[in-house]
Amino acid sequence: MSSIQAEPFPLHFDPATTALLIIDMQRDFVLPGGFGEKLGNDTSLLLAAVEPTQLVLQKAREKGLFVVHTREGHRADLSDCPPSKLTRGGKIFIGTDGPMGRILVRGESGHDIIHQLYPVQGEPVIDKPGKGSFHATDLHQILLDRGIKTLVVCGVTLEVCVHTTVREANDRGYECVVLSDCVASYFPEFQRVGLEMIKAQGAIFGWVSNSKNFVAAIS
Ligand code: C5J
């Protein structure tokens, strides 16, 4: 067993039953020139999470942890996109042309994962139509088949896809530890409150730690 310094208290985990889950580190969300920026967001806030996540990914691979990546997006015909989602978004809509291809459509350049964190062979990529990584995907089955009990969570955005996923995972019995410098939001206040919410009330959704503690815990 290993132990990671975390809030509200240390989390004990077995690396053999722990997975690193990297959520939606897609070009369109993270890179300048993507649709996240086109919506008026400052992508430097998201880019800040890339380097620490790279370190965590490198360490996880080195130590043989199971690594899973997710991407938010839809079929080209948008048949898996609820009409309610199609009409939201303010200025830019799913399926329309964006700077890196059709917005949130699978196969488009903007939909894919940034090169710094690109999956390697043996690391499943979960294509999810929703914000949560468990909704309408086979993630739960994949984790069950591996005997995974603990999730180390990185990705964007904290208050949307990371939060939804952690809540889904928590309800399914997983213990989640979110690495604060490996998650990001376009809104600093959401980042702060989002992390507070996870660890509140004795780890109501999970634990909060950081990349340094993770590396120390598995080294
Ligand atoms: C994610 C979003 N990945 N913010 N999506 O958080 O719409």
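Both backbone and side-chain heavy atoms feed into the values below; hydrogens, waters and symmetry mates do not.
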On a heavy-atom basis, which atom in [X] and which in [Y] lie closest, and how many Å separate them?
| X | Y | value |
| --- | --- | --- |
| T165 | S133 | OG1-OG, 2.8 Å |
| A169 | C176 | CB-SG, 3.6 Å |
| G98 | I103 | CA-CD1, 3.6 Å |
| P129 | H135 | CD-O, 3.9 Å |
| A184 | L45 | CB-O, 3.4 Å |
| V125 | P119 | CG2-CG, 3.6 Å |

Looking at [atom1] of [X] and [atom2] of [Y], how far apart are the two atoms once the value is rounded to the nearest 0.5 Å?
| X | Y | atom1 | atom2 | answer |
| --- | --- | --- | --- | --- |
| N41 | F35 | CG | CZ | 9.0 Å |
| N170 | F205 | CG | CZ | 7.0 Å |
| W207 | Q5 | CH2 | CD | 13.5 Å |
| F134 | R172 | CZ | CZ | 6.0 Å |
| L158 | H163 | CG | NE2 | 5.0 Å |
| K131 | R167 | NZ | CZ | 15.0 Å |

Verify same cluster id: [X], [Y] (apolar side-chain graph, 4.5 Å):
| X | Y | answer |
| --- | --- | --- |
| L179 | F9 | yes |
| V193 | V162 | no |
| I113 | V156 | yes |
| L46 | V166 | no |
| V183 | F187 | no |

inquiry  = With side-chain contact (heavy atoms from CB on, under 4.5 Å) as the test, pick out the partner of E72 among L104, I23, D28, I126.
reply    =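 When side-chain contact (heavy atoms from CB on, under 4.5 Å) is applied between E72 and each of L104, I23, D28, I126, only L104 qualifies.
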
ask   = Step by step, would you call I22 with L57 a side chain to side chain contact (heavy atoms under 4.5 Å, CB included)?
value = CA-CA 9 Å; I22 304 183; L57 177 58; 4.0 Å; yes

Heavy-atom distance under 4.5 Å between the side chains of [X] and [Y], does that happen here?
| X | Y | value |
| --- | --- | --- |
| L47 | V30 | yes |
| K38 | P99 | yes |
| T87 | F93 | no |
| T43 | P32 | yes |
| I4 | F13 | yes |
| V208 | V177 | no |
| V178 | L195 | yes |
| L20 | C154 | yes |

ask   = Can E108 and R102 be counted as an ion pair, charged N to O under 4.0 angstrom?
value =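 Looking at E108 and R102, the cut-off is not met.
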
key: Carboxylate-amine/guanidinium contact R71 D127, below 4.0 Å   =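 Yes, this pair counts.
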
task = Might you work through the side chain to side chain contact (heavy atoms under 4.5 Å, CB included) test for S109 and R27, ending with a clear yes or no?
result = CA-CA 7 Å; S109 158; R27 295 186 186 123; 3.3 Å; yes

Tell me if the [atom1] atom of [X] is crowded by more than 12 foreign heavy atoms within 6.0 Å.
| X | atom1 | value |
| --- | --- | --- |
| E62 | CD | yes |
| Q116 | CD | yes |
| R61 | CZ | yes |

message = Let's go through L21 and L143 carefully: what are the C-alpha distance in whole Å and the side-chain angles of both, what is the deciding distance for side chain to side chain contact (heavy atoms under 4.5 Å, CB included) to 0.1 Å, and is it a yes or a no?
response = CA-CA 11 Å; L21 180 62; L143 297 176; over 6 Å; no

Is it true that [Y] and [X] share a donor-acceptor pair across their side chains at a distance under 3.5 Å?
| X | Y | result |
| --- | --- | --- |
| K85 | H74 | yes |
| H69 | E123 | yes |
| S185 | E159 | yes |

ask   = When the ring centroid of Y174 is compared with that of H140, is the distance short of 6.0 Å?
value =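 Between H140 and Y174, which both carry aromatic rings, the centre distance is below 6.0 Å.
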
task = With R106 as reference, evaluate D80, D77, D112 under the salt bridge (Lys or Arg N to Asp or Glu O under 4.0 Å) test and give the passing residue.
result =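 Result for salt bridge (Lys or Arg N to Asp or Glu O under 4.0 Å) with R106: D80.
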
Output yes when a side-chain donor or acceptor of [X] lies under 3.5 Å from a complementary backbone atom of [Y], and no otherwise.
| X | Y | answer |
| --- | --- | --- |
| N210 | N213 | yes |
| T17 | D14 | yes |
| Q191 | Y186 | no |

ask   = For K128, which of T70, D24, T137 qualifies under side chain to side chain donor-acceptor pair (under 3.5 Å)?
value =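 The single option meeting the side chain to side chain donor-acceptor pair (under 3.5 Å) with K128 is D24.
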
request  = Dump the intermediate steps for side chain to side chain contact (heavy atoms under 4.5 Å, CB included) on L151 and E175, then the final yes or no.
outcome  = CA-CA 6 Å; L151 298 176; E175 294 193 311; over 6 Å; no

